[in-house]
Amino acid sequence: MAIACHQKPTSDANLFRLCPFWSSGNAHNQNEGNAQKSSKTVSSVARSLLPHRRRLRLDPSNHLYFPYEPGKQVRSAVRLKNSSKSCVAFKFQTTAPKSCYMRPPGGILAPGESLIATVFKFVEQPENNEKLSDQKNRVKFKIMSLKVNEGVDYVPELFDEQKDLVTVERILGVVFLDPERPSSALEKLKRQLAEADTALETRKKPPAETGPRAVAEGLVIDEWKERREKYLARQQVQAVDSV
């Protein structure tokens, strides 16, 4: 069963119990300076208690679906979309790094930009009478996000350097699908994988050179050769006249 990163809303009563100086600040502050200092402390504590706003929209949102093929490496896919107004870095983590990996493992999305990440997993053979439902709880995938400035290059160390600002978007569980039994989830997975493969091939291809550009470059070279020949001819004429 997938585990989502849900946080229960913190009530005002709980906030007051956690921060007793909130209710007594106005009565005991001696001067304006102390009041401002207390206000800043309250704001900092409040921000740490409130749930983080998610920056990414995931599809599927709670699980990663894999075709169940024991003894083989299978693939899943998840679409990530930056739903915020800022550039967002994302990063994958898994509880099984030896048998699972993600492509890409991380990156940066501009506002409104999306991509489909492919997740690879080796499916182990079932042990004894182990049920399929028991296997799916072993592996979890965590997707984290971090707000970054435009133009920043992605490096995994970003999440270590600014760990206090990192948001856990989701913790995705694994659901296995019978590849021989048609289902809407299986069809959707096939479409997403096909789209991810197409995008990968597009990125691999070198930029095509257009015809007009090649002609223009040829004309520039021909013109340079013509000017060079004229210059050398003038040099020869001047040399003859000087004799």
Side-chain angles (χ1 to χ4, degrees), residues 2-7 47-48 50-67 72-123 136-176 185 188-207:
I3 300 177
C5 184
H6 294 299
Q7 298 185 14
R47 283 195 299 269
S48 65
L50 293 176
H52 294 285
R53 181 181 178 182
R54 291 194 175 99
R55 307 180 180 101
L56 300 177
R57 187 178 303 160
L58 276 59
D59 182 26
S61 59
N62 295 309
H63 303 89
L64 286 176
Y65 295 92
F66 292 89
K72 295 182 179 180
Q73 185 183 72
V74 295
R75 296 190 301 164
S76 183
V78 57
R79 182 185 297 275
L80 308 177
K81 182 175 182 179
N82 182 359
S83 58
S84 72
K85 297 181 179 179
S86 305
C87 292
V88 172
F90 68 90
K91 181 181 179 181
F92 278 93
Q93 283 187 343
T94 177
T95 57
K98 293 183 178 180
S99 60
C100 304
Y101 68 95
M102 289 67 67
R103 188 176 65 196
I108 295 179
L109 295 174
E113 185 181 5
S114 66
L115 64 77
I116 295 182
T118 307
V119 185
F120 296 80
K121 172 177 170 54
F122 180 79
V123 181
K136 71 178 183 180
N137 293 322
R138 291 182 177 179
V139 180
K140 305 295 179 185
F141 296 88
K142 180 164 67 175
I143 301 178
M144 301 176 292
S145 71
L146 174 67
K147 178 181 176 181
V148 296
N149 294 326
E150 184 177 356
V152 171
D153 293 328
Y154 174 79
V155 290
E157 289 74 20
L158 283 172
F159 288 81
D160 298 327
E161 296 168 356
Q162 305 181 54
K163 58 183 179 180
D164 293 338
L165 303 177
V166 172
T167 295
V168 176
E169 294 286 339
R170 290 287 186 186
I171 298 179
L172 304 176
V174 171
V175 173
F176 288 111
K188 181 178 180 179
L189 173 59
K190 291 180 179 179
R191 291 195 302 269
Q192 286 188 325
L193 289 174
E195 185 176 344
D197 291 341
T198 300
L200 179 62
E201 291 300 321
T202 301
R203 291 195 297 270
K204 287 182 178 179
K205 291 181 180 179

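Everything numeric here is computed off the predicted structure, so don't read it as measured data.
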Novice: Measure the shortest side-chain to side-chain distance between Gln93 and Phe141 over non-hydrogen atoms and say whether it is less than 4.5 angstrom.
Specialist: no
Novice: Taking C-beta and beyond as the side chain, do Leu165 and Lys147 meet within less than 4.5 Å on heavy atoms?
Specialist: no
Novice: Between Phe90 and Leu56, is any pair of side-chain heavy atoms under 4.5 Å apart?
Specialist: yes
Novice: On a heavy-atom basis, which atom in Cys100 and which in Lys121 lie closest, and how many Å separate them?
Specialist: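 For Cys100 and Lys121, the tightest heavy-atom pair comes out as SG-CG, 3.8 Å.
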Novice: More than 12 heavy atoms of other residues, nucleotides or ligands under 6.0 Å from CG of Asp153: yes or no?
Specialist: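 Open.
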Novice: Please tell me if the side chains of Leu172 and Ile143 come closer than 4.5 Å, counting only heavy atoms from C-beta onward.
Specialist: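 Answer yes - side chains close enough.
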Novice: If I compare all heavy atoms of Lys140 with all of Ile171, which pair ends up nearest, and what's the gap?
Specialist: CB-CG2, 4.1 Å
Novice: Dump the intermediate steps for side chain to side chain contact (heavy atoms under 4.5 Å, CB included) on Leu80 and Phe92, then the final yes or no.
Specialist: CA-CA 11 Å; Leu80 308 177; Phe92 278 93; 4.1 Å; yes
Novice: Quick check: do Pro60 and Gln192 have side-chain heavy atoms less than 4.5 Å from each other?
Specialist: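 Pro60 reaches Gln192 side chain to side chain.
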Novice: What are the two closest non-hydrogen atoms of Tyr154 and Leu158, and how far apart are they?
Specialist: CA-CD1, 4.2 Å
Novice: Would you say His63 and Val174 make side-chain contact, with heavy atoms under 4.5 Å?
Specialist: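 In short, these two side chains do not touch, never coming nearer than 4.5 Å.
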Novice: Just do the side chain to side chain contact (heavy atoms under 4.5 Å, CB included) check on Lys81 and Leu58 with the steps written out, would you?
Specialist: CA-CA 7 Å; Lys81 182 175 182 179; Leu58 276 59; over 6 Å; no
Novice: To the nearest 0.5 Å, tell me how far Ser145 OG sits from Ile108 CD1.
Specialist: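 Ser145 OG to Ile108 CD1: 12.0 Å, rounded to 0.5 Å.
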Novice: Take Lys142 and Glu169, measure what side chain to side chain contact (heavy atoms under 4.5 Å, CB included) needs, and give me the verdict at the end.
Specialist: CA-CA 8 Å; Lys142 180 164 67 175; Glu169 294 286 339; over 6 Å; no
Novice: Set out, in order, the CA-CA distance, both residues' side-chain angles and the distance that settles side chain to side chain contact (heavy atoms under 4.5 Å, CB included) for Leu146 and Val88, then state yes or no.
Specialist: CA-CA 6 Å; Leu146 174 67; Val88 172; over 6 Å; no
Novice: Rounded to the nearest 0.5 Å, what separates atom CG in Leu64 from atom CE in Met102?
Specialist: 9.5 Å
Novice: Indicate the atoms forming the closest heavy-atom contact of Pro67 with Phe176, along with that distance.
Specialist: O-CD2, 4.3 Å
Novice: Distance from Arg191 atom CZ to Arg79 atom CZ, nearest 0.5 Å?
Specialist: 10.5 Å
Novice: Measure across Leu189 and Ala77 and return the closest heavy-atom pair with its distance rounded to 0.1 Å.
Specialist: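 That would be CD1-N, 3.6 Å.
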Novice: Would you give the length of the straight line joining atom OG of Ser86 to atom CG of Asn149, rounded to the nearest 0.5 angstrom?
Specialist: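 Atom-to-atom, Ser86:OG and Asn149:CG are 8.5 Å apart.
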Novice: Is Asn82 reaching over with its side chain to a backbone N or O of Glu113, donor-acceptor style, under 3.5 angstrom?
Specialist: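 No; zero donor-acceptor contacts below 3.5 Å.
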Novice: Do you see a donor-acceptor pair shorter than 3.5 Å between the side chains of Arg57 and Ser83?
Specialist: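 Distance-only check fails for Arg57 and Ser83.
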Novice: Return the CZ to CD distance between Phe122 and Gln73, rounded to the nearest 0.5 Å.
Specialist: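 The CD atom of Gln73 is 8.5 Å from CZ of Phe122, to the nearest 0.5 Å.
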Novice: Ignoring hydrogens, what is the shortest heavy-atom contact between Ser84 and Pro111? Give both atom names and the distance.
Specialist: O-CB, 3.6 Å
